[in-house]
2 protein chains.
Amino acid sequence: MNSEKKEKPKVELILETAGEIFAEQGFRKATVRNICKRSGVNLAAINYYFGNKEKLYQAVLKYHRSIALQKYPSDFGINESDSSRKKLSSFIQAFILRLLEEGKPSLFGKLFAREFTEPTGAFDILIEESIKPTFNLLSSFIKEILGNNYSVKKVELCAMSIFGQCLYFRNAKPIVLRILCKDGYSNENIKEISEHIINFSLKGLLNY
Amino acid sequence: MNSEKKEKPKVELILETAGEIFAEQGFRKATVRNICKRSGVNLAAINYYFGNKEKLYQAVLKYHRSIALQKYPSDFGINESDSSRKKLSSFIQAFILRLLEEGKPSLFGKLFAREFTEPTGAFDILIEESIKPTFNLLSSFIKEILGNNYSVKKVELCAMSIFGQCLYFRNAKPIVLRILCKDGYSNENIKEISEHIINFSLKGLLNY
DNA sequence: ATATAAATTAAACAACCGATTAAAACATCA
DNA sequence: TGATGTTTTAATCGGTTGTTTAATTTATAT
């Protein structure tokens with residue numbers, strides 16, 4: 001008889017542990033020895049299952065991306081029949097939640113963010129498959145709100161203004177928390193932040 | 001007779017080369033061998049002059065911070081007699097220029113940005129000495145614009161909205177450039193970006 | 001010029017890394 | 001059970017890293 005929990009496949013175990021460590025420390029600082037140790041597998045397991053460290057990293061990215069997509073659908077769960085302003089609000093709210101909420105699905109976002117300062121070969125794929133679609137989705141809402149008063153460049157810049165605001169609260173998290181005198185983002189904090197960005201941005205999109 | 005240029009002190013030479021390499025590759029990826037090679041000094045020079053790699057990094061941070069402060073004064077060259085809206089515009093314009101302009105003074109900003117994903121012991125000092133003062137400066141302008149309609153929290157959030165927009169164009173530079181189909185930020189691009197952020201944010205600060 | 005200190009050099013050290021190997025343990029199925 | 005393929009293990013291999021050393025060269029001051 002075995003008193004342990006139902007044992008997970010080692011491949012999956014490594015993918016999850018490696019995801020945590022890569023997110024914490026980045027590709028370079030993370031060592032296969034550390035990953036294997038925390039996973040409770042032998043040092044040679046990574047090379048046996050994945051070939052080498054680089055291929056493990058790519059597998060980790062793909063694995064955690066699929067997990068994130070399960071919780072966070074790529075259409076952001078937005079109701080197509082809503083008004084343009086409502087759609088933008090829903091987008092920002094969902095996007096902020098993705099960025100600031102803790103838990104396993106947020107691991108992909110952290111791995112993602114690391115690609116900016118420490119880009120690997122996976123960077124281009126991430127841009128094409130994750131960023132551009134999201135950017136185009138947001139742009140479509142902005143275009144509707146601006147009406148016939150839009151230019152391509154204006155839409156692009158406004159989309160970046162919104163992305164920039166949202167991403168700041170994750171990328172500059174240590175600073176934000178220190179200024180707000182908090183230890184972490186509470187659900188109420190997240191709500192306040194998304195409401196602020198929605199309010200600020202809807203006014204920013206005004207033409208007068 | 002010596003046909004070489006006037007020789008720089010080796011300490012200074014190392015500080016400049018190391019600054020470039022740390023900014024390019026980060027603390028961990030940068031090797032003392034590479035730094036010494038590019039500086040044209042012996043491998044042991046870093047430990048001789050600075051003690052070890054970590055102390056060199058801290059010296060690099062201090063050195064390039066002082067260079068940046070020479071070109072970019074901490075009051076952002078803002079005229080105290082200007083209107084609140086004008087002061088905010090000047091601030092954003094100068095801040096964007098700091099972030100996007102190429103050249104030696106921008107090295108400090110790059111080193112700075114790396115501290116977020118790869119924080120060292122210098123992180124806390126940077127927050128207190130560089131970030132907080134700038135944050136308070138921006139907050140003072142925002143407070144003036146919001147008038148008696150402000151709360152501390154609202155000012156904080158608005159300041160973050162503005163910082164977020166500005167920083168996005170540097171932190172997400174690879175993405176922005178790909179979307180704009182550019183190779184780098186031209187002076188005109190920088191002007192367009194700062195004008196957009198000013199316009200977007202002034203409207204965002206409206207109360208109605 | 002000579003003694004003393006500072007600077008520079010080449011070589012090596014110890015620790016760590018990713019990757020490999022060959023053997024042992026395990027599972028599967030005839 | 002016995003044969004076959006898969007998984008796991010401990011040990012080790014090159015290679016790179018930051019750091020140190022001891023000897024040599026250069027500069028400084030008496």
Side-chain angles (χ1 to χ4, degrees), chain A residues 1-61 63 111 114 117-122, chain B residues 1-61 63 111 114-115 118-122:
Chain A
M1 209 215 285
N2 192 340
S3 65
E4 293 177 13
K5 306 173 188 174
K6 194 171 60 184
E7 54 191 34
K8 274 193 183 175
K10 294 206 171 181
V11 173
E12 214 167 311
L13 220 155
I14 294 173
L15 284 171
E16 294 193 0
T17 310
E20 295 171 12
I21 296 182
F22 280 137
E24 282 173 18
Q25 314 183 352
F27 177 78
R28 198 172 188 85
K29 192 172 183 179
T31 67
V32 301
R33 278 175 172 79
N34 193 4
I35 293 171
C36 289
K37 195 175 178 184
R38 250 210 246 174
S39 303
V41 302
N42 186 268
L43 172 59
I46 283 179
N47 288 44
Y48 177 75
Y49 285 114
F50 300 96
N52 57 35
K53 187 186 178 185
E54 178 97 28
K55 288 180 187 170
L56 165 66
Y57 178 76
Q58 291 169 2
V60 164
L61 230 49
Y63 176 76
L111 294 167
R114 287 206 169 269
T117 46
E118 202 179 347
T120 70
Chain B
M1 206 216 288
N2 193 340
S3 65
E4 294 177 13
K5 306 173 187 175
K6 194 172 62 185
E7 55 190 35
K8 275 192 180 175
K10 294 207 172 182
V11 173
E12 213 167 311
L13 220 154
I14 294 173
L15 284 171
E16 295 193 0
T17 309
E20 295 171 11
I21 295 182
F22 281 138
E24 283 172 18
Q25 313 183 353
F27 177 78
R28 196 168 189 87
K29 193 171 182 180
T31 67
V32 300
R33 277 174 174 80
N34 192 6
I35 293 171
C36 290
K37 195 175 179 184
R38 251 209 244 174
S39 303
V41 301
N42 186 268
L43 173 60
I46 284 180
N47 289 50
Y48 178 74
Y49 285 114
F50 300 96
N52 57 35
K53 186 185 177 186
E54 178 97 26
K55 288 179 186 170
L56 165 67
Y57 178 77
Q58 292 169 2
V60 164
L61 231 47
Y63 176 77
L111 294 167
R114 288 206 169 270
E115 284 287 326
E118 205 179 346
T120 72

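Any value given below was found using the heavy atoms of this structure, including those in side chains, with hydrogens, waters and symmetry copies removed. Proteins come first, then strands; the chains are lettered A, B, ... in the order of their sequence lines, and each starts at number 1.
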**Q.** B:Leu13 vs B:Val41, side chain to side chain contact (heavy atoms under 4.5 Å, CB included): CA-CA, chis, key distance, verdict
**A.** CA-CA 9 Å; B:Leu13 220 154; B:Val41 301; 5.6 Å; no
Q) First and last nucleotide of DNA chain C touching chain B, 5' to 3', heavy-atom cut-off 4.0 Å? A) C:dA6 to C:dA12
**Q.** Separation of D:dA10 C1' from A:Arg33 CZ (nearest whole Å)
**A.** 12 Å
(Q) Assuming nearest nucleotide by heavy-atom distance, tell me which of B:Tyr48 and A:Ala30 is located more 5' along DNA chain C. (A) B:Tyr48
Q.
Distance check needed: D:dG18 C1' versus B:Glu54 CD, whole Å only.
A. 12 Å
Q. Roughly how many Å is it from CZ in A:Phe50 to P in D:dT7, rounded to a whole number?
A. 12 Å
Q: Only counting residues at least two apart or in another chain, list the ones meeting side chain to side chain contact (heavy atoms under 4.5 Å, CB included) with B:Lys55.
A: B:Asn52
(Q) I need the NZ-P distance between B:Lys29 and D:dT16, as an integer number of Å. (A) 15 Å
Q: Mind calculating the distance between CG (A:Asn47) and P (D:dA10) to the nearest angstrom?
A: 16 Å
Q. Over how many whole Å does the gap from A:Lys53 atom NZ to D:dT16 atom C1' extend?
A. 13 Å
Q. Between atom CG in A:Leu43 and atom C1' in D:dA10, what is the gap in whole Å?
A. 10 Å
Q) Taking OP1 and OP2 of D:dT7, is either one under 4.0 Å from a side-chain nitrogen or oxygen of A:Lys10? A) no
Q: Measure from the side-chain heavy atoms of A:Ala44 and tell me the nearest of D:dA11, D:dG18, D:dA10.
A: D:dA10
Q: Give one of base, sugar-phosphate or nothing for A:Ala45, where a contact means two heavy atoms less than 4.0 Å apart.
A: nothing
(Q) Tell me every residue that passes side-chain hydrogen bond (donor to acceptor under 3.5 Å, both in side chains) with B:Glu24, counting only those two or more places apart in sequence or in another chain. (A) B:Arg38
Q. Between A:Asn42 and D:dA10, does any side-chain N or O lie under 4.0 Å from OP1 or OP2?
A. yes
Q.
As a quick check of understanding, evaluate side chain to side chain contact (heavy atoms under 4.5 Å, CB included) for B:Phe22 and B:Leu61, giving each step before the final call.
A. CA-CA 10 Å; B:Phe22 281 138; B:Leu61 231 47; over 6 Å; no
Q | Taking every non-hydrogen atom, the tightest pair across B:Glu118 and B:Phe27 | A | OE2-N, 3.8 Å
Q: Over all heavy atoms of both residues, which pair between A:Ala18 and A:Leu56 is shortest? Give the atoms and the distance, please.
A: CB-CD2, 4.1 Å
Q) Given side chains that start at C-beta, do those of A:Thr117 and B:Arg114 come closer than 4.5 Å, heavy atoms only? A) yes
